[in-house]
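We use all heavy atoms of the structure for the numbers below, so side chains are in, but hydrogens, waters and symmetry mates are not. The structure displayed is predicted, hence computed values, not measured ones. Every chain is numbered from 1, with letters handed out A, B, ... down the list of sequences.
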Amino acid sequence: MSQLLSGLNPQQHEAVTLPLRQPSGEPQSALVLAGAGSGKTRVLTTRIAYLIQTGQVSPHGLMAVTFTNKAAREMLTRVSAMLPITTRGMWVGTFHGLCNRLLRAHHREAGLPPLFQIMDGQDQLAFIKRLLKSLHVDEEKFPPRQLQSFINGAKEQGLRACAVEAPDEHTRRMAELYAAYDEQCNKEGVVDFAELLLRTFELLSRDGLLAEHYRSRFAHILVDEFQDTNRLQYLWLKHLAGRQTPVFAVGDDDQSIYAFRGASAENMRDFERDYPGYRLIKLEQNYRSVGNILAAANAVIKHNRHRLGKNLWTADGEGEPLRLYQAATDGEEAQFVVDEVRALEREGVPCSEVAVLYRSNAQSRVLEHALFSAGIPYRVYGGLRFFERQEIKHALAYLRLVANPADDGALVRVINFPARGIGARTLEQLQDQAAAAGVSLWEAARRRSEARGQKPEGARKGVEGFVALIEAMRAATVGLPLPEVVQHVIEASGLLAHYRGEREGQERLENLNELVNAAGAFVQETEENDLAAFLAHAALEAGEHQAVSGEDALQLMTVHSAKGLEFHTVFVTGLEEGLFPHEQSLLTPGGVEEERRLMYVALTRARQRLYLSFAHSRLLHGQTRYNVPSRFLQEIPAELMKAVGGGAGAPRRAEPATAPSRGPFRPQGLFPPACGSEWHVGQSVLHPTFGRGVIVNYEGRGPDARVQVRFSDAGLKWLMLEYAKLAPA
DNA sequence: ATAGACATTCTTTTT
DNA sequence: GAATGTCTAT
């Protein structure tokens, strides 16, 4: 015990040992404001171990909710390391994972088929497109993406279609489509991510007995990354805790970076109201980063208003200054990373302790290219995840169809892949027949092939061949171990043969084989041999299962996926206006503040050394764009940084106007005008027809130069400088 | 009616 | 650059 608690500072100690009941007998909840690197995970895991060891709760009575699967696994690993007992029986997982578990156990009460399938974002979008088409809705008027975020947004507020407020005609139509969407989901036996939560919430609200069962089971609920919970998750939590279960919520409002997905730091304020007598504990001592890094992070986040208020400090020394590199091009920036990583290796810093961060996934390409050419091993997190790859999606669709014939989405995906002569026309006919008879596409296909009568084996093609194929698959895989089911399906479907015949198919073949291994690993880990459970796993844990792992490799990831991690050295790349902060964020209220929190997260990942870099020109979406340094660079005090790597990037001929930067960094001097004219980003302008606006971006030089202007009335427009009659305003 | 070539569109972050 | 959607030759 003393060993468990040794080395905790007073605040950490209080958080770990906080009793489950107030002296009055009321449950004792807590809100822990845990700054970056303040030992948050340690507090959570130690508290779990402490409560179990002192006999205050049994593992059976504990629930711990995390935001990512990675965090859930880490928590389990660390608790097991502290305690000799098994952590089995503890409910540890993401909101979605736990809801899935609950719904599988009570699918009947929740009104779901036993083998209900989970749609990821991609599946959902395809589903919506299919729905709009079947309803003959104009995609121009109701863009699928927009409808998708409308539906998810509503669900994340806990609202069904009938409860959505519709002040105007368009919103009313959207709500109707939302209702139609839900209806179709029910028909097909599929649920989206938000539905997992909403369904569970409704189930617990409706079924008092069931809710009571879980409330009395869980003696304590712990929540990680509380600032990232949305309204629905908060309600879910409140409902599950009831009046008797204390809640231990850990979060940091400065690291709230999922507001775009409906997360609301408001939950932290409501906590106060909903959990009377709760304890507020602040963890402000940072054990991760050296002083200069922390000072830079603090300086940046200070520019945000509406903070709960918290200031990180460290007992460590200042450390070295931050290193700033300005590159002429993105390629040069990548080369800089390569050179520095090599130097770090020579200094004895292992690659796996070095992370390269960027704002959006598209930026990884240039970096990967440079690293690959240099022969530096690297690992990319996120991006295209294993279970999101085309060939894997195809294989999973076959498996889904085997598990649940009503899954129209799965059928559409593979009915003609590999090509078997079933085109758009045939599919349309099937869809009409299905709609007319009120049955699934599979049923329509089955009836159609039945009507044609039994032909000899060899003569079956088209729809009949497909129906026969799936039925044969279903028959052949009954009772087989999961990996063999997968193996059979990828073979019998013709996927293997198809990719063998493709020139670039080698990697896809490897991935398909990897899927068989993944099924094997799944059976081993979970001791389940259930196809539906494996498919749920694939949807909920799309990533992390990368082909290469284990070896010492440089870590590449978005800032979002870096949250919760730490490294000896961190590169924050692409610090340019329009990229970081992202231009999309400038249009959303509160967007820049969220980007700034993102920057805060990025900076606080580093322990010892922090590189910041930006490029003047960058190839993005096939076009060269010219950018200016990020505003966040200006928010870092100059004395904390030093410019490195050959002054002002690549030598730029005959442009003495740009002074080589030496010594303290002064970003003000680095806002180059577009094509040497008087125009620059941020400038107010006047256009004869569009009126007043602000330049938000520009690209090209000379006669090709264009500027993007945000007009107060006419919206966002690209204008050729040569022709547009722009005047400064 | 289908497959493959061609053109067009949209580009953030994630369970 | 990718991932759609559209057109054209089979």
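If you measure from atom CG of Leu598(A) to atom P of dT12(B), you get 14 Å, rounded to the nearest angstrom. Computed from coordinates, the Glu140(A) CD to dT4(C) C1' distance equals 14 Å when rounded to whole Å. Rounded to an integer number of Å, the gap from Leu103(A) CG to dT15(B) C1' is 15 Å. At whole-Å resolution of the value, CD in Gln148(A) and P in dT11(B) are 12 Å apart. Following rounding to the nearest Å, Gln124(A) (CD) and dT14(B) (P) show an atom-to-atom distance of 16 Å. Here dT4(C) presents its P atom at 11 Å from NZ of Lys393(A), a figure rounded to the nearest Å. Atom-to-atom, CG of Leu125(A) to C1' of dA2(C) comes out at 15 Å; the value is rounded to the nearest Å. Between the NZ atom of Lys129(A) and the C1' atom of dT4(C) there is a distance of 7 Å, rounded to whole Å.
For the pair Thr426(A) and dT2(B), the criterion of a side-chain N or O lying under 4.0 Å from OP1 or OP2 is met. For Arg359(A), no side-chain nitrogen or oxygen approaches OP1 or OP2 of dT13(B) to under 4.0 Å. At dT2(B), none of the side-chain N or O atoms of Arg420(A) fall inside 4.0 Å of OP1 or OP2 (strictly under the cut-off). Taking side-chain N and O atoms only, Asn361(A) has a distance below 4.0 Å to OP1 or OP2 of dT14(B). An OP1 or OP2 oxygen of dT12(B) is reached within less than 4.0 angstrom by no side-chain nitrogen or oxygen of Thr558(A).
Between Phe226(A) and Tyr234(A), the ring planes are tilted. Angles from 30° to 60° get that label. Under the 30°/60° scheme for interplanar angles, the aromatic rings of Phe522(A) and His537(A) are found to be tilted.
Under a cutoff of 6.0 Å and an axis angle of 45°, Arg596(A) and Tyr600(A) do not form a cation-pi pair.
In terms of position along DNA chain B, the nucleotide closest to Ala419(A) lies nearer the 5' end than the nucleotide closest to the other residue of the pair Thr94(A) and Ala419(A).
The residue Asn416(A) sits close only to the backbone: its heavy atoms come under 4.0 Å of sugar-phosphate atoms, none of a base. If you check every strand for non-hydrogen atoms under 4.0 Å, Phe67(A) touches sugar and phosphate atoms only.
Closest contact between the side chain of His560(A) and the listed nucleotides dT13(B), dT15(B), dT11(B) involves dT13(B). Of the candidates dT15(B), dG1(C), dG5(C), dG1(C) carries the atom nearest the Arg365(A) side chain, counting heavy atoms from C-beta on.
The ring-ring contact (aromatic ring centres under 6.0 Å, His included) pairs that include a residue from residues 120-141 of chain A are Phe127(A)-Tyr181(A), where partners are two or more places apart or lie in different chains.
Stacking between His582(A) and dT12(B) is shown: the ring centroid lies under 5.5 Å from the centre of the six-membered base ring, and the planes differ by under 30°.
Taking atom P in both dT13(B) and dT4(C), one finds a spacing of 16 Å when rounded to whole Å.
Separating the CD atom in Glu202(A) from the NE2 atom in His239(A) is a distance of 11.0 Å, to the nearest 0.5 Å.
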